[in-house]
There are 2 protein chains.
Amino acid sequence: MTETLTERSQKILEAIIEEYIATAQPVGSKALARNHDIKLSPASVRNVMAELEELGYLASPHTSAGRIPTEKGYRFYVDTLLQVNDLNSRQKDQIELQYQQHGLQMADMLREASRTLSSVSHYTGLVMVPRLKVTIFRHIEFVRLSPRQILAVFVTQSGLVQNKLVEIDEELTPRDLEQITNYLNHTMTGLSIQEVRARIVAEMANEKALYDHLLRRTFALSTAALVDETTGDIIIEGTSYFLEQPEFSNLKCMKRIVQTFEQKNILIDLLDRGLDTEGVQVIIGSETKYSELADCSLITAAYSGKRGTLGTLGVIGPNRMPYSTIIPIVDYTATLISRLLDTDND
Amino acid sequence: MTETLTERSQKILEAIIEEYIATAQPVGSKALARNHDIKLSPASVRNVMAELEELGYLASPHTSAGRIPTEKGYRFYVDTLLQVNDLNSRQKDQIELQYQQHGLQMADMLREASRTLSSVSHYTGLVMVPRLKVTIFRHIEFVRLSPRQILAVFVTQSGLVQNKLVEIDEELTPRDLEQITNYLNHTMTGLSIQEVRARIVAEMANEKALYDHLLRRTFALSTAALVDETTGDIIIEGTSYFLEQPEFSNLKCMKRIVQTFEQKNILIDLLDRGLDTEGVQVIIGSETKYSELADCSLITAAYSGKRGTLGTLGVIGPNRMPYSTIIPIVDYTATLISRLLDTDND
DNA sequence: TTTGGCACTCAACACAAAGGAGTGCTAAAG
DNA sequence: CTTTAGCACTCCTTTGTGTTGAGTGCCAAA
């Protein structure tokens, strides 16, 4: 809207937001003029505040309270005022320490990431488990549970194990299965699942292949086994930190948020949005597009393995979050996880 | 302590507890005499109440409030007063319906069980995932992640997939692995993991076997792969129901409980206690031995597969729970899960 | 043994007054 | 023209004070 915000206004807006983040109390002109090395009288501060409110960056709960930031205020703060410091080495160590455990498998590592995000930030940690299609084929195994039921156990390059129950139309003998397994493990290793599927389609298009009974079955089975899960999985840790936030002391609204977490799908959608984004992304309040999370903000970043983005991770908390400290935490964690996934099991 | 409780006292105690369960309000003599077809005047009821309080079954928050049950009161109620009705067929259908989905794997089924327990009872559902040692060996597969790292993927009879990263001392070639896999899959299928381990120990004791290089490696690897996890896993669903309970409206205590849930280990311990117990078990308040859960009660039951008990499931809520409706829900769910695990994938 | 009556207790609720943090406006000072 | 001190005003919050009413314990009568 209005592109004019004097440097002084910006400085005051920043001070108000930081004060509010620290105290969770509406910020008044007097306290502000006193604490934040602002060389102005409370009266002048008031003038600026009124102006900022007019422009929509601030709001006042009632006449005789101070001001609180609006979403627009937070957005401006995050976009232009905020300068994120790097973590100091002590903080980096604190995060890194959690992954020193011997031979963590990917699943454990992701859970640990969520836990660490939560405990370091004191908000709720979120980690999206990589979708099947972006993982890299390493090994597949079929176990016959019954004549028509095959359990496909699929190991990705990074040691993530996914399994899926496949119902088949025609019976397969153990011998058939063994051949199929061998074929897939020899031809597909190292390809991404997307590539594997493309390859299968390509081979099937090759008419000759269709005459090969084994190949046809292989395609049928592996297509079924590698079909994409519609919904990803997400690891949520530290929900209890939400209970500490004064803005959610209202049980009614607290419950709505916890329920939203339990359903997971909304969070999955929000994390998905960060998949194609470079660096850290901040989603504030109604930008989530979900009314349940109107008072929540997310800070997310994508992590990647050897071959591109795998998933996203982040932190969710109230709008009033200390962005300057959380952003580098999320950023560093994403980088760290990416590095670990890259070097591990090479 | 005192074994004498007249029939009249018992009847009044029962009425008080049921009234309190329904309303969450201290129960007074007048309301009680009115509603619960008790043919006594409020004054007489008061006399009995005073007596029950003396004996420790009731407590009064303050002089001019009614009475609330103590733990001892609940315990007596559950042990001798309570008569649980069977579920009617509508309720059974409501539970059963959740499992009609095509080809659920065991893990999905257990999650569904937890979810259903929660949604039907309106409290928090708990399901303990079977410990490795009680599951039945169906198939094992080793995937080499690096020369010294082997991923052991292990499929149980019921389709549960567990995997474990094993670090080995001496390198194994793919050919070695294949032989080991074949050996294990041919000799061990159908045995419980406990039996598999016993078998391995027995074979190793047989001195001749030690000269067989392959066998020795097999034992080393499979011992490592099948080593018991120290801590089981638990599926918790419906934490948000806790936020509805008026007794936990105090955020401080609410947070302590949610944190306890997040750590999981306490709940695992509590569910473990029900492993060797037949039928439904009720743990009330301080009987949990955990101060964090002093105001919570658990209702648990063990479920089993073809070959004995696999794990436990149940519901956790405030002491003030409608035991008469929850107990049959837990009971029926345990029976149902056991039946499904028995018939499925045979 | 049961019950009605009665004095007593005490949380909960409502209402009023005091207190205080903060605002907007105006007029004087820089 | 900008900044600031002063001041009246707003309105939430806190505190205090009755008042209400549900519930109790006890006693004496049925």
Side-chain angles (χ1 to χ4, degrees), chain A residues 4-13 15-20 22-70 73 246-247 249-250, chain B residues 4-13 15-20 22-70 73 246-247 249-250:
Chain A
T4 49
L5 261 196
T6 67
E7 188 158 347
R8 192 179 66 173
S9 299
Q10 295 193 10
K11 186 138 192 246
I12 286 178
L13 178 57
I16 291 172
I17 292 180
E18 281 170 3
E19 181 74 11
Y20 183 68
T23 64
Q25 299 292 330
V27 184
S29 56
K30 208 183 294 176
L32 197 71
R34 213 178 324 117
N35 299 327
H36 285 263
D37 72 332
I38 286 167
K39 290 146 196 62
L40 287 172
S41 71
S44 306
V45 173
R46 277 205 288 282
N47 287 331
V48 177
M49 279 169 134
E51 183 194 336
L52 286 169
E53 179 165 0
E54 188 107 5
L55 294 172
Y57 295 100
L58 295 178
S60 31
H62 54 83
T63 35
S64 73
R67 302 302 212 294
I68 59 175
T70 61
E247 40 264 84
S249 57
N250 171 5
Chain B
T4 50
L5 263 194
T6 66
E7 189 158 347
R8 192 179 67 173
S9 299
Q10 296 194 11
K11 187 140 194 229
I12 287 177
L13 178 56
I16 290 171
I17 293 181
E18 283 171 0
E19 182 74 13
Y20 183 68
T23 65
Q25 299 293 328
V27 184
S29 55
K30 208 183 293 176
L32 197 71
R34 213 176 327 115
N35 299 328
H36 285 263
D37 72 332
I38 285 169
K39 291 146 197 62
L40 288 174
S41 70
S44 305
V45 173
R46 276 206 288 282
N47 287 331
V48 177
M49 280 169 134
E51 183 194 337
L52 286 168
E53 179 167 1
E54 187 106 6
L55 293 172
Y57 294 101
L58 296 176
S60 32
H62 54 82
T63 35
S64 73
R67 302 302 210 296
I68 60 174
T70 61
E247 40 264 84
S249 58
N250 171 5

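Computed from a prediction, not measured in an experiment: that's the story for all the values here. First the proteins, then the strands, lettered A, B, ... as listed; each starts at 1.
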- Have a look at A:Ser44 and say if it touches a base, only the backbone sugar-phosphate, or nothing, with a 4.0 Å heavy-atom cut-off. base
- Whole-Å distance between C:dA21 P and A:Arg46 CZ? 14 Å
- Message: Does any part of the side chain of A:Arg67, heavy atoms only, come nearer than 4.5 Å to the side chain of A:Leu52, both counted from C-beta?
- Response: no
- Query: Between B:Ser41 and C:dT3, does any side-chain N or O lie under 4.0 Å from OP1 or OP2?
  - Reply: yes
- Message: It should be established whether A:Arg8 places a side-chain nitrogen or oxygen under 4.0 Å from OP1 or OP2 of nucleotide D:dT3.
- Response: yes
- Over how many whole Å does the gap from A:Asn47 atom CG to D:dA5 atom P extend? 13 Å
- Query: So what does A:Ala65 hit on the nucleic acid, given a heavy-atom distance under 4.0 Å: a base, only sugar-phosphate, or nothing?
  - Reply: sugar-phosphate
- Note on the structure: Regarding the side chain of B:Thr63, the nearest nucleotide among D:dC11, C:dT9, C:dG24 is C:dT9
- Message: Just so I know, are the side chains of B:Glu7 and B:Lys11 near enough to count as touching, which here means a heavy-atom distance under 4.5 Å?
- Response: no
- Rounded to the nearest Å, what distance is computed from the CD atom of residue B:Glu53 to the C1' atom of nucleotide D:dG23? 12 Å
- Query: Roughly, in whole Å, what's the span from NE2 in B:His62 to P in C:dA11?
  - Reply: 6 Å
- Check whether any side-chain N or O of A:Arg67 sits under 4.0 Å from OP1 or OP2 of C:dG24, and answer yes or no. yes
- Task: Rounded off to whole Å, could you give me the NZ-to-C1' distance for the A:Lys30 and D:dT4 pair?
- Result: 14 Å
- Message: A side-chain contact here means heavy atoms from C-beta on lying under 4.5 Å apart; do A:Met49 and A:Glu53 qualify?
- Response: no
- Quick one: B:Gln25 CD to D:dG21 C1', roughly how many Å, whole number? 14 Å
- If only atom types and distance count, is the side chain of A:Ser29 paired as donor or acceptor with the main-chain N or O of A:Val45 below 3.5 Å? no
- Message: Expressed as a whole number of angstroms, how long is the span from B:Met49:CE to D:dT24:C1'?
- Response: 10 Å
- Report yes if some heavy atom in the side chain of B:Tyr57 is under 4.5 Å from a heavy atom in the side chain of B:Ile16; otherwise report no. no
- Task: Could you check B:Leu40 against A:Ser29 and say which one's nearest nucleotide on DNA chain C is further toward the 5' end?
- Result: B:Leu40
- Rounded to the Å, how far apart are B:Glu19 CD and D:dA22 C1'? 14 Å
- Query: Taking OP1 and OP2 of C:dC8, is either one under 4.0 Å from a side-chain nitrogen or oxygen of B:Ser64?
  - Reply: no
